[in-house]
Amino acid sequence: MAAIRGRDTRPEMIVRRFLHARGLRYRLSDRRLPGTPDIVLKKYRTVIFIDGCFWHGHEGCSQFKLPKSNSDFWRHKINMNIARDYRANVELRLLGWRVIRVWECEIRKKSVRETRLESLYRNIVNLPYTADTQPLTAAEPPAPYPQQ
C-alpha cells in the first residue's frame with residue numbers, strides 16, 4: 001500500500017493537462033478546503049476530485065471489486081472513504097463551492113475520455129450542453145433556480 005500514490009496519479013494528470021490546455025488555471029490539493037480537493041478553480045468557485053474506482057467504492061464499475069481475503073477490513077475502509085467524501089461534498093457546498101467528481105473509469109478509455117473531459121470543461125465554464133455531450137456525474141445534481 002505504500003506504493004499507491006495519492007497525488008499526481010495518471011487520471012489526475014490527464015485531467016490537469018486537459019484543463020491547462022483549455023486555458024484554465026487552478027491550484028492543486030488546497031488543504032484549506034474540506035477534503036483537500038485535487039483541483040481548485042477559484043475563478044469558477046469549483047473544485048474537482050479525481051477518484052479511483054476501487055478506493056472510493058464506485059458502484060457498478062468493473063474496477064470496484066472487494067478483495068476475497070480480509071473483506072470485512074476492506075468493506076469498512078471503503079465505506080469510511082465514501083462517508084468522508086460525502087462529508088467533504090456537503091461542507092464544500094455549504095461554503096459555496098461547486099463539487100465535481102471524476103471517476104477513474106470515465107477517463108481510462110480513450111473512446112470515452114474526450115466526451116467526459118469536454119463535458120467537464122463545459123460544466124466548469126457553464127457552457128450549454130449539446131445533444132452529443134453526456135450529463136456530468138457529480139455528487140448532487142445542480143438545483144434549478146426559480147423563475148421570477
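Values below: every heavy atom of this structure, side chains too, minus hydrogens, waters and symmetry copies.
- Counting only heavy atoms from C-beta outward, the side chains of Val99 and Phe49 approach each other to under 4.5 Å.
- Here Arg87 contributes atom CZ and Ile82 contributes atom CD1; the two are 13.5 Å apart, rounded to the nearest 0.5 Å.
- In this structure, Trp74 CH2 and Lys65 NZ are separated by 15.5 Å, a value rounded to the nearest 0.5 Å.
- More than 12 heavy atoms of other shown residues, nucleotides or ligands fall within 6.0 angstrom of atom CZ in Arg25.
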- Item | Ile107/Phe18 under side chain to side chain contact (heavy atoms under 4.5 Å, CB included): CA gap, chis, key distance, verdict | CA-CA 11 Å; Ile107 54 177; Phe18 176 82; over 6 Å; no
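- With values rounded to the nearest 0.5 angstrom, His76 atom NE2 is found 12.0 Å from Asn70 atom CG.
- Distance CD/Glu106 to CD/Glu104: 10.5 Å, rounded to 0.5 Å.
- Here the closest non-hydrogen pair linking His56 and Asp85 is ND1-OD2, 2.6 Å.
- Taken to the nearest 0.5 Å, the CG atom of Asn89 stands 14.0 Å off from the CZ atom of Arg98.
- Atoms SG and CG, on Cys61 and Asp51 in that order, are 11.5 Å from each other to the nearest 0.5 Å.
- Residue Val40 is grouped with residue Leu95 when hydrophobic side chains (ILVMFWY) are merged at heavy-atom distances under 4.5 angstrom, including chains of intermediate members.
- For the pair Thr115 (side chain) and Arg113 (backbone), a donor-acceptor distance under 3.5 Å is absent.
- Met13 CE: more than 12 foreign heavy atoms inside a 6.0 Å radius.
- Only one option out of His58, Arg108, Arg116 pairs with Trp103 in a side chain to side chain contact (heavy atoms under 4.5 Å, CB included); it is His58.
- A continuous path of ILVMFWY side-chain contacts below 4.5 Å connects Leu28 to Leu117, so both sit in one hydrophobic cluster.
- Taken together through direct or relayed side-chain contacts under 4.5 Å among Ile, Leu, Val, Met, Phe, Trp and Tyr, Val102 and Val125 form part of one hydrophobic cluster.
- When hydrophobic clusters are built by joining Ile, Leu, Val, Met, Phe, Trp and Tyr residues whose side-chain heavy atoms come closer than 4.5 Å, directly or via intermediates, Ile78 is grouped together with Phe73.
- Side-chain atoms of Asp38 come within 3.5 Å of backbone N or O of Ile50 as a donor-acceptor pair.
- For Arg45, the CZ atom counts as densely surrounded, since its 6.0 Å shell holds more than 12 non-hydrogen atoms of other residues, nucleotides or ligands.
- Not one N or O on the side chain of Tyr26 forms a donor-acceptor pair closer than 3.5 Å with the backbone of Val47.
- Arg22 and Glu118 are joined by a salt bridge, as a carboxylate oxygen and a charged side-chain nitrogen come within less than 4.0 angstrom of each other.
- Ring pair Phe64/Phe54 is tilted by interplanar angle, where 30° to 60° counts as tilted.
- Judged by distance alone, with hydrogens and angles left aside, the side-chain atoms of Asn79 form a donor-acceptor pair with the main-chain N or O of Arg75 at under 3.5 Å.
- Judged purely by atom type and a 3.5 angstrom limit, Asn81 uses its side chain to pair as donor or acceptor with the backbone of Trp55.
- Looking at heavy atoms from C-beta onward, Leu120 lies in side-chain contact with Ile48 at the 4.5 angstrom threshold.
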